[in-house]
Engineer: 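Take a look at this one; I'll ask things after.
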Amino acid sequence: MDIRKKITFNYVALSTFSTLLLCIIVFVLFRENNRYHFLKRLEDRAKIVASIHFQKDPEKIKYYSNLKKNGLEELIEEEEYVLKINSANSFDYNTKLNLPNEFYTNILNTGKDYFEVNSKYYLGQVFTESNQKYIVIIGARDRRGKTTSIYIIKILLFGGIGFVLLAFFLGRFLAKRVIDPVARITKEVNRISASNLHNRLPEVKNSDEISDLTHTFNDMLDRLETSFEIQANFINNASHELKTPITTIIAESEIMLLKERQVSEYIESLQNIYSQASRLGNLTESLLKLTQTGYDGKKQVLDIARIDELLLDVKSDLDKIYPDNRVSIKLNFAPKDSNLLLIPCNKPLLELAINNIITNGVKYSDNNEVFVTLSANKESIKIAINDIGIGIPPEDIPHLYEPFFRGKIATKYIGYGLGLPLASKIIRMHDGEIQVQSEQNKGTIVTIIFNKSKIKKNNIKNSNVES
């Protein structure tokens with residue numbers, strides 16, 4: 001059963017149930033109202049019958065008899081009985097009455113009661129005259145009440161059936177209104193494939209769930225299109241970058257194996273092979289690190305680290321690789337409250353990301369001065385890395401985070417174009433962002449911002465604050 005039929009069926013079922021419940025309530029209330037008014041009529045008759053029985057004056061008896069006959073509506077199968085009460089538990093019983101003992105007991109205890117048998121009502125009430133108590137019983141059949149009850153049943157029955165039929169058509173209309181937007185989305189989605197990921201679902205202006213679904217799906221298509229493009233570029237560039245050193249190693253080996261050579265030639269050949277193998281190893285390691293961050297850039301963080309200490313660790317690692325580097329870590333803008341410097345992170349990966357960015361500053365400035373400034377407050381943590389290097393042309397900035405992309409003026413430096421994409425993925429993994437400001441031949445400022453409101457602290461497994 002499709003969703004449209006399910007919605008229609010459920011709507012009809014709920015409408016039928018609610019209609020049936022309403023009909024039962026209406027019928028019960030209508031019947032109780034009829035019963036109440038008919039018993040009030042019997043109560044008025046009982047008062048008149050008691051008055052006729054107690055009067056000794058013939059004129060008054062005649063007056064009450066005329067009032068009963070002409071002033072009150074005639075009752076069907078009316079019966080009248082006046083029973084003298086002899087004591088608290090005994091009275092003059094009339095054999096014509098076939099009523100249960102509980103009826104008489106309730107009358108004696110409460111002063112009034114009624115009993116219904118075969119759609120005929122009997123009302124009993126106690127009256128007192130000259131210190132003598134009597135039970136006046138009036139019996140009659142409520143034919144009008146029965147007729148009106150049958151009439152209201154017919155109205156409710158046909159009205160209920162009509163409403164259920166109406167509910168069926170309203171349910172189909174409702175299902176169509178609800179499902180049609182989803183059906184349109186399904187139709188559009190079926191037309192989108194890997195070859196036309198640029199297509200988007202038409203925007204819905206209403207601020208409802210369908211609009212949210214459309215917006216979410218379009219956002220997903222944006223990410224998929226970007227991922228497909230990056231993946232295509234990555235595969236093409238990776239295959240080329242990996243193929244070059246492998247081809248060089250194989251060719252060098254084949255040449256050296258063709259005939260015996262001098263030791264110096266073997267040494268030179270081995271140095272070439274070593275150089276290409278080192279390049280291949282470094283490239284492979286970079287690719288593995290890029291893969292380690294996850295395809296979607298997400299990975300659980302494990303630590304809580306102080307960002308100032310993390311920067312000092314990065315500086316220590318740089319000193320080992322580039323002993324003569326001119327990197328300056330400025331902590332004078334850092335807050336005195338060390339809690340503001342804490343950040344949940346995967347420390348090794350975050351160190352790698354910051355190291356890559358600072359190393360780029362050192363490399364592309366020809367080992368000129370690089371300033372790293374740290375600032376923090378309750379809202380965010382900022383790391384600004386400022387170098388005086390070759391800068392980045394404006395046309396290259398949109399492609400900085402594409403793996404293997406290298407600008408024209410950067411090709412004279414050794415590298416693979418993986419450092420900044422890897423750093424970007426790691427920073428994004430920690431819910432941070434990278435902002436790049438650069439001017440060619442004047443330098444670059446890379447700002448890393450961690451917005452504390454976005455940091456997913458619930459992903460932390462171990463809260464180890466390193467001191």
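Everything numeric in this text was worked out from a predicted model, so none of it was measured.
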Engineer: Run the side-chain contact (heavy atoms from CB on, under 4.5 Å) test on Gln271 and Ser275 for me, step by step, so that the C-alpha distance in whole Å, both residues' side-chain angles and the decisive distance to 0.1 Å come before the verdict.
Structural biologist: CA-CA 6 Å; Gln271 287 176 342; Ser275 174; over 6 Å; no
Engineer: Could you give the distance from CD1 (Ile307) to CG (Leu310), rounded to the nearest 0.5 Å?
Structural biologist: 5.0 Å
Engineer: Could you check whether atom CG of Asn101 has more than 12 heavy atoms from other residues, nucleotides or ligands sitting under 6.0 Å from it?
Structural biologist: no
Engineer: With a 4.5 Å heavy-atom cut-off, do Tyr413 and Asp366 have their side chains touching?
Structural biologist: yes
Engineer: Do Asn368 and Arg326 touch side chain to side chain, with heavy atoms closer than 4.5 Å?
Structural biologist: yes
Engineer: Any side-chain hydrogen bond (donor to acceptor under 3.5 Å, both in side chains) pairs touching residues 13-39, not counting sequence neighbours?
Structural biologist: Glu32-Arg35, Asn33-His37, Asn34-Thr148, Arg35-Glu116, Arg35-Tyr121
Engineer: Students often mix this up, so state it plainly: with edges at 30° and 60°, are the rings of Phe450 and His430 parallel, tilted or perpendicular?
Structural biologist: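 Correct class here is perpendicular.
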Engineer: Take atom NE2 of His399 as the centre, draw a 6.0 Å sphere, and report whether it contains more than 12 heavy atoms from other residues, nucleotides or ligands.
Structural biologist: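 Enclosed: over 12 neighbouring heavy atoms sit under 6.0 Å from NE2 of His399.
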Engineer: Hey, mind stepping through Val164 and Leu166 against side-chain contact (heavy atoms from CB on, under 4.5 Å) and telling me if it holds?
Structural biologist: CA-CA 5 Å; Val164 170; Leu166 179 63; over 6 Å; no
Engineer: Considering only distance and modelled atom types, tabulate donor-acceptor pairs under 3.5 Å from the side chains of residues 373-385, sequence neighbours left out.
Structural biologist:
| residue | atom | partner | partner atom | Å |
| --- | --- | --- | --- | --- |
| Asn377 | OD1 | Glu379 | N | 2.8 |
| Asn377 | OD1 | Ser380 | N | 2.8 |

Engineer: Can you name the nearest heavy-atom pair linking Asn325 to Tyr322, along with the distance?
Structural biologist: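 Looking at all heavy atoms of both residues, the shortest contact is ND2-O, 2.5 Å.
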Engineer: Flag the pair Lys120 and Asp142 as a salt bridge only when some basic side-chain nitrogen lies within less than 4.0 angstrom of an acidic carboxylate oxygen.
Structural biologist: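 A salt bridge is absent here (no side-chain N lies under 4.0 Å from a carboxylate O).
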Engineer: When you compare the side chain of Thr444 with that of Glu439, does any pair of heavy atoms fall below 4.5 Å?
Structural biologist: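 No; the side chains remain at least 4.5 Å from each other.
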Engineer: Looking only at non-hydrogen atoms, find the nearest pair between Thr8 and Ala175 and report the distance.
Structural biologist: OG1-CB, 3.7 Å
Engineer: Out of curiosity, Asn386 CG to Lys330 NZ, how far, rounded to the nearest 0.5 Å?
Structural biologist: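 If I round to the nearest 0.5 Å, the distance is 8.5 Å.
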Engineer: List the atom of Ile434, the atom of Val446, and the distance in Å for their closest heavy-atom pair.
Structural biologist: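 Ile434 and Val446 have their closest heavy atoms at CG2-CG1, 3.7 Å.
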Engineer: Under 6.0 Å from the CZ atom of Phe173, do we count more than 12 heavy atoms belonging to anything else shown?
Structural biologist: no
Engineer: State the CD-CD1 distance between Glu351 and Ile426, to the nearest 0.5 angstrom.
Structural biologist: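 One finds 10.5 Å between CD of Glu351 and CD1 of Ile426.
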Engineer: How long is the gap from CG on Asp313 to CD1 on Ile354, to the nearest 0.5 Å?
Structural biologist: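 If I round to the nearest 0.5 Å, the distance is 10.5 Å.
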Engineer: Taking all heavy atoms of Glu265 and all of Met256, pick out the closest pair and write down the distance.
Structural biologist: O-CE, 3.6 Å
Engineer: Could you give me the CA-CA distance, side-chain angles and deciding distance for Ile448 and Gln435, then say whether side-chain contact (heavy atoms from CB on, under 4.5 Å) is met?
Structural biologist: CA-CA 7 Å; Ile448 304 171; Gln435 298 176 355; over 6 Å; no
Engineer: Compare all side-chain heavy atoms of Leu312 with those of Asp308 and state whether any distance is below 4.5 angstrom.
Structural biologist: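 No, every pair of side-chain atoms sits at 4.5 Å or beyond.
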Engineer: May I have the step-by-step check of side-chain contact (heavy atoms from CB on, under 4.5 Å) for Leu123 and Lys112, ending in yes or no?
Structural biologist: CA-CA 8 Å; Leu123 175 74; Lys112 184 170 62 175; 4.1 Å; yes
Engineer: Are the charged groups of Asp319 and Lys315 less than 4.0 angstrom apart, N to O?
Structural biologist: yes
Engineer: Less than 4.5 Å apart, side chain to side chain, heavy atoms only: is that true for Tyr122 and Val117?
Structural biologist: yes
Engineer: What are the two closest heavy atoms between Asn355 and Val314, and how far apart are they?
Structural biologist: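 In this case the closest contact between Asn355 and Val314 is CA-CG1, 3.8 Å.
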Engineer: Find out whether Asn451 and Asp431 are in side-chain contact, i.e. whether some heavy atom of one side chain is under 4.5 Å from a heavy atom of the other.
Structural biologist: no
Engineer: Rounded to the nearest 0.5 Å, how far apart are CD1 of Ile427 and CD1 of Ile357?
Structural biologist: 5.5 Å
Engineer: If you look at every heavy atom in Ile388 and Ser365, which pair is closest and at what distance?
Structural biologist: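 Residues Ile388 and Ser365, closest heavy atoms: O-CB, 3.4 Å.
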Engineer: Just so I know, are the side chains of Leu39 and Glu43 near enough to count as touching, which here means a heavy-atom distance under 4.5 Å?
Structural biologist: no
Engineer: Looking at Arg172, I want to see if its CZ is surrounded by more than 12 non-hydrogen atoms of other residues, nucleotides or ligands under 6.0 Å.
Structural biologist: no
Engineer: Is there a donor-acceptor contact under 3.5 Å from the side chain of Asp396 to the main chain of Ile392?
Structural biologist: no
Engineer: Tell me, do Gln440 and Lys442 make a side-chain contact under 4.5 Å, heavy atoms counted?
Structural biologist: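 SC-SC contact between Gln440 and Lys442 ruled out.
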Engineer: To the nearest 0.5 Å, what is the distance between OG on Ser316 and CG on Leu311?
Structural biologist: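 CG of Leu311 is found 12.5 Å from OG of Ser316.
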Engineer: Going by side-chain hydrogen bond (donor to acceptor under 3.5 Å, both in side chains), name the pairs with one or both residues in residues 251-262, residues two or more places apart or in two chains.
Structural biologist: Glu252-Ser269
